[in-house]
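Heads up, the thing below is written out as structure tokens.
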Amino acid sequence: MSLAKKEFKKVTTHSLQQMKDQGEKISMLTAYDFTMAKMVDAAGVDCILVGDSASNVMAGHETTLPITLDQMIYHASAVVRAVDRALIVVDLPFGSYQGDSKGALGSAIRIMKETGGHAVKVEGGVEIIDGIKRILTAGIPVMGHLGLTPQSIYKFGTYTVRAKEEAEALKLKEDAKALQEAGCFAIVLEKVPASLAKEVSEMLDIPVIGIGAGPGVDGQVLVFHDLVGMTHEFHPRFLRRYLNLYEDITGAIGKYVADVKSVDFPNKDESYTS
Ligand code: KIV
């Protein structure tokens, strides 16, 4: 049984630090609604991310940029109502924290007050450090996010692996140190070479949670819809699919359609008598 299940009723930022210190890997998965979050929590995931990937998988946008703070609050509130154990981290959406530190604090306070979530996540390094420090002054835990940061996709131009070149790897390491020094409780590293991710994890005291960052980090995060195979056309190298729900669900619904057409459904047992 995992350390978190054995010793902690609720997972906290402190428990995640203990997991890193004791060498237990951290499991993290996204969720965006009540029903999904109930299953993720019941399965024993340590940390639930209400990711701005909701913009893609829930709303059908091409990028994470369009999702609003109000929409993130809607998703996070539903997740909070479902969860008993996991630590709930909520993404601050694009445009809600990059302007100035007062604006960043205001957005983080709305998340904490209106959703009941436990922490916020922001994308970027030294360029947003003032905002991070200001959020932390209010006692709000902050998770950083470096490497491929989807809110900057129009700057990168592609979703390919980041920090393969030395200059970018150096900048990433400086950013990671700055996030830890500012007081972040953990960072996500997305789509970077496994060797670099391992180096960052060993360099930092705080947990480093990877997605497409290899096994040498302190935990892993995936998007719910990818893990269960609902996004069946998405095949990044880092993804391990545990189910193929796209086929299961379309198959089941196809059968329902056929049963309605043939009047096989509903049958006598599925109908009320007077
Ligand atoms: O929004 C999200 O789902 C994320 C994960 C990919 C880390 O940020």
Side-chain angles (χ1 to χ4, degrees), residues 16 25-33 36-37 40 45-69 71-76 78-79 86-98 107-108 111 115 117-125 128 132 141-153 156 159-163 172 175-176 179 184-192 197 200-201 206-214 217-228 230-231 234-241:
L16 296 192
K25 299 284 184 188
I26 297 163
S27 59
M28 179 163 156
L29 187 63
T30 66
Y32 317 99
D33 69 31
M36 203 186 289
V40 174
V45 162
D46 300 312
C47 182
I48 293 181
L49 174 65
V50 185
D52 60 358
S53 48
S55 179
N56 310 112
V57 295
M58 300 299 287
H61 293 297
E62 205 174 307
T63 72
T64 57
L65 276 69
I67 200 162
T68 66
L69 188 55
Q71 288 165 340
M72 288 303 299
I73 287 170
Y74 168 81
H75 287 295
V79 168
L87 179 78
I88 302 169
V89 179
V90 184
D91 263 337
L92 283 184
F94 176 68
S96 72
Y97 62 94
Q98 296 95 337
S107 301
I111 294 280
T115 74
H118 308 135
V120 297
K121 177 164 82 58
V122 291
E123 294 183 8
I128 57 157
I132 290 175
V142 179
M143 177 180 271
H145 184 156
L146 298 172
L148 176 66
T149 46
Q151 292 179 12
S152 306
I153 190 58
F156 298 147
Y159 285 98
T160 51
V161 179
R162 303 302 314 173
L172 188 146
D175 282 340
L179 292 178
C184 287
F185 71 92
I187 65 170
V188 164
L189 265 192
E190 181 165 353
K191 247 184 160 180
V192 297
V200 173
S201 163
I206 59 172
V208 175
I209 300 179
I211 173 165
V217 287
D218 307 303
Q220 300 294 330
V221 56
L222 284 176
V223 167
F224 179 95
H225 292 63
D226 298 337
L227 180 151
V228 299
M230 289 168 106
T231 48
F234 183 55
H235 299 289
R237 180 191 178 113
F238 66 78
L239 175 60
R240 185 179 293 181
R241 280 196 204 296

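Count residues from 1 along the sequence. Computed over heavy atoms, backbone and side chain alike; hydrogens, waters and symmetry mates excluded. In each ligand, atom 1 is the first atom listed, and ligand 1 is the first ligand listed.
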*Are Phe234 and His225 close enough that their ring centers fall under 6.0 Å?*
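No, ring centres 6.0 Å or more apart.
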*When rounded to the nearest 0.5 angstrom, what distance separates OG1 in Thr149 from CD in Glu190?*
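Interatomic distance, Thr149 OG1 to Glu190 CD, rounded to 0.5 Å: 8.0 Å.
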Any atoms of ligand 1 less than 4.0 Å from a non-hydrogen atom of [X]? List them with their elements.
X      : answer
Asp91  : 1 (O), 2 (C), 8 (O)
Val223 : 3 (O)
Thr30  : 3 (O)
Ile211 : 6 (C)

*Touching ligand 1 at all, Glu123? Heavy atoms, strictly under 4.0 Å?*
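Under 4.0 Å: no for Glu123.
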*So is Lys121 in contact with ligand 1, going by heavy-atom distances below 4.0 Å?*
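Yes.
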_Can you check which of Ser53, Gly212, Gly51 brings a heavy atom nearest to atom 3 (O) of ligand 1?_
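That would be Ser53.
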*asked:* Under a plain distance cut-off of 3.5 Å, with no hydrogens placed, do Gln98 and Glu123 share a side-chain donor-acceptor pair?
replied: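 No pair is found: no donor N or O on one side chain lies under 3.5 Å from an acceptor on the other.
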*Could you tell me whether the side chains of Tyr32 and Ser53 share a donor-acceptor contact shorter than 3.5 Å?*
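Ser53 and Tyr32 do have a side-chain donor-acceptor pair below 3.5 Å.
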*Starting from atom 4 (C) of ligand 1, which protein heavy atom do you reach first, and at what distance in Å?*
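Sorting protein heavy atoms by distance from atom 4 (C) of ligand 1 puts Leu49 CD2, 3.5 Å first.
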*Do Tyr32 and ligand 1 have an N or O pair less than 3.5 Å apart?*
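Between Tyr32 and ligand 1, no N or O pair is found under 3.5 Å apart.
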*Would you name the heavy atoms of Ile209 and Gln220 that are closest together and state the gap between them?*
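Heavy atoms only, the tightest pair is CG2-C, 3.7 Å.
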Which side-chain N or O atoms in residues 61-68 pair as donor and acceptor under 3.5 Å with protein atoms at least two apart or in another chain?
{"unit_1": "Thr63", "atom_1": "OG1", "unit_2": "Leu65", "atom_2": "N", "d": "3.2"}
{"unit_1": "Thr68", "atom_1": "OG1", "unit_2": "Gln71", "atom_2": "N", "d": "3.0"}
{"unit_1": "Thr68", "atom_1": "OG1", "unit_2": "Gln71", "atom_2": "OE1", "d": "3.3"}

*Taking the side chain as every heavy atom from C-beta outward, state whether Val142 and Phe185 have any pair of such atoms under 4.5 Å apart.*
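When only atoms from C-beta onward are counted, Phe185 and Val142 do not touch, as no gap falls below 4.5 Å.
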*Applying a 4.0 Å heavy-atom criterion (strictly less than), which segment of Thr64 is in contact with ligand 1: side chain, backbone, both, or neither?*
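For Thr64, there is no contact with ligand 1 at all, from either part.
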